[in-house]
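What follows is a single structure, written as structure tokens, with notes after it.
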Amino acid sequence: MKKVFKMQELDCANCAAKMEEAIRKIPGVEHAAMNFMTQKLTLEAAEADFDRVLDEAQKAISRIEKDCLIIR
């Protein structure tokens, strides 16, 4: 399952790269891409794991930039 999410308060291209790297390390993530210019996250994971992966992705993002949110 592949979905694209709008990001809120993504202020730094370097932080976006760090977020992408952290999300890719989450078990169950098949693909992750953070685009700073479009302020979007593309996330791919198995449908059964998607909600858990998305929650873990938000936690990883918050550790890097506390005010940044995935808009669901």
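FYI, side chains are in, hydrogens and waters are out, and symmetry mates aren't considered; it's all heavy atoms of this structure.
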*Can you tell me how far the CZ atom of R63 sits from the NZ atom of K59, to the nearest 0.5 Å?*
8.5 Å
*Grab the two heavy atoms, one from C68 and one from S62, that are nearest each other, plus how far apart they are.*
O-OG, 4.2 Å
*Taking the hydrophobic residues Ile, Leu, Val, Met, Phe, Trp and Tyr, and joining any pair whose side-chain heavy atoms are under 4.5 Å apart, which ones share a cluster with M37?*
M1, F5, M7, L10, M19, I23, I26, V29, M34, F36, L41, L43, F50, V53, L54, I61, I64, I70
*Drop me the distance from K40's NZ to K3's NZ, to the nearest 0.5 angstrom.*
15.0 Å
*To which residues is I71 joined in a hydrophobic cluster, defined by side-chain heavy-atom contacts under 4.5 Å among Ile, Leu, Val, Met, Phe, Trp and Tyr, whether direct or through other members?*
none
*Looking only at heavy atoms, what is the nearest atom pair of R72 and D55, with distance?*
NH2-OD1, 2.7 Å
*Do you know which two heavy atoms are closest between E56 and P27, and how far apart they sit?*
OE1-CD, 4.4 Å
_What's the separation between atom NZ in K2 and atom CD in E30, rounded to the nearest 0.5 Å?_
11.0 Å
*If you take all heavy atoms of A45 and G28, which pair is closest and at what distance?*
CB-O, 3.4 Å
